[in-house]
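Following: one structure in structure tokens, then a few remarks.
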Amino acid sequence: MPLMVELKYEYFINTWPGRVKLAQLITGILCMMCCAPAYYDTQHWFLLVVAIAFLGTIFFSLYYLCLAEALNKFTVNWFMTEFWFTAGTTFFYFTAFLAQLVDFGPYEDEEWQYWVDAQVAAGVFGLFNDIFYAIGGYLIYLDWQANPTGEMAAPPPPPA
């Protein structure tokens, strides 16, 4: 029996949670590009948090894009799973970007300053992504308050 997959890209265009999820993915890519490769413990922690958050965000993006019907057959409240994932990611991003900025902020090296600056930029992008995850968690919380059964609220109709 073939599985029919319908792409529902409207979620990312018409809703604020979808737009925030796209911002999280873009900022996560920038974090990985600036921080990699990792040589120090803080970089390892930062990249671990960024990579896990990126993979989880890709999963939930694919869930809203095309996997909702197939995964709703399981008895998992994906809405609350996404909320707790986003809340945990917000906390871990806070610890990761703070460690990155504290470790590399005051560091100066004439020969490798471009690398140090890339680490600081990774920490700043981590700060932005932490804010995006906090906004995403808040929007998920508002949707949960509007509909506690766990289904996402329908997007508003397009303006006439």
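At a threshold of 4.5 Å between non-hydrogen side-chain atoms, the residues Thr57 and Tyr133 count as touching. With contacts defined as side-chain heavy-atom distances shorter than 4.5 Å, the pair Thr86/Phe60 does not qualify. The shortest side-chain heavy-atom distance between Phe59 and Leu55 does not fall under the 4.5 Å cut-off. Taking the side chain as every heavy atom from C-beta outward, Phe97 and Leu101 approach each other to under 4.5 Å. In this structure, Pro17 and Asp143 have side chains that are in contact, with non-hydrogen atoms separated by less than 4.5 Å.
Atom NZ of Lys21 is separated from atom OH of Tyr63 by 11.0 Å, given to the nearest 0.5 angstrom. Taking CZ from Phe12 and CZ from Arg19, the interatomic distance works out to 12.5 Å, rounded to the nearest 0.5 Å. Between atom CZ of residue Phe54 and atom CD1 of residue Ile29 there is a gap of 4.0 Å, rounded to the nearest 0.5 Å. Taking CZ from Phe85 and CD1 from Ile52, the interatomic distance works out to 8.5 Å, rounded to the nearest 0.5 Å. The CG atom of Asp103 sits 9.0 Å away from atom CD of Gln119, with the distance rounded to the nearest 0.5 Å. Once rounded to the nearest 0.5 Å, the distance linking CD of Gln24 with CD1 of Ile131 reads 12.0 Å.
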Worksheet item: Would Glu82 and Ile140 count as a side chain to side chain contact (heavy atoms under 4.5 Å, CB included) if you check the C-alpha gap in whole Å, the side-chain angles of each, and the deciding distance to 0.1 Å?
Response: CA-CA 8 Å; Glu82 182 183 16; Ile140 293 169; 3.6 Å; yes
Worksheet entry | Check against ring pair (Phe, Tyr, Trp, His ring centres under 6.0 Å), Trp45 and Tyr40 | CA-CA 9 Å; Trp45 172 244; Tyr40 298 107; over 10 Å; no
Fill in: Steps toward side chain to side chain contact (heavy atoms under 4.5 Å, CB included) verdict (Asn129, Phe125)
CA-CA 6 Å; Asn129 216 1; Phe125 284 130; over 6 Å; no
Practice prompt. Carefully, step by step, assess Asp130 and Phe91 under the rule side chain to side chain contact (heavy atoms under 4.5 Å, CB included).
Written response: CA-CA 8 Å; Asp130 185 48; Phe91 171 73; over 6 Å; no
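Closest heavy-atom contact between Ala122 and Cys34: CB-CB, 3.6 Å. When all heavy atoms are compared, the tightest approach of Gln100 to Thr42 is OE1-O, 3.7 Å. Taking all atoms of both residues into account, the shortest heavy-atom contact from Phe104 to Val116 is O-CG1, 3.7 Å. The two atoms that bring Trp115 and Pro37 nearest to each other are NE1-O, 4.5 Å, heavy atoms only. The two residues Phe46 and Cys35 have their closest heavy-atom pair at CD2-SG, 3.6 Å. Taking both residues in full, the closest heavy atoms of Val20 and Phe132 are given as CG1-O, 3.3 Å, listed atom of the first, atom of the second, then distance.
None of Trp16, Trp144, Phe83 except one satisfies the side-chain contact (heavy atoms from CB on, under 4.5 Å) rule with Leu139; the exception is Trp16.
Side-chain atoms of Ser61 and Tyr11 include no donor-acceptor pair closer than 3.5 Å. There is no side-chain donor-acceptor pair under 3.5 Å between Glu10 and Tyr64. Side-chain N/O atoms of Gln43 and Tyr39 include no donor and acceptor closer than 3.5 Å.
Residue-environment remark: CG (Asp109) exceeds the threshold of 12 foreign heavy atoms within 6.0 Å.
Listed for the Gln145 side chain is no donor-acceptor partner under 3.5 Å among the backbone atoms of Tyr141.
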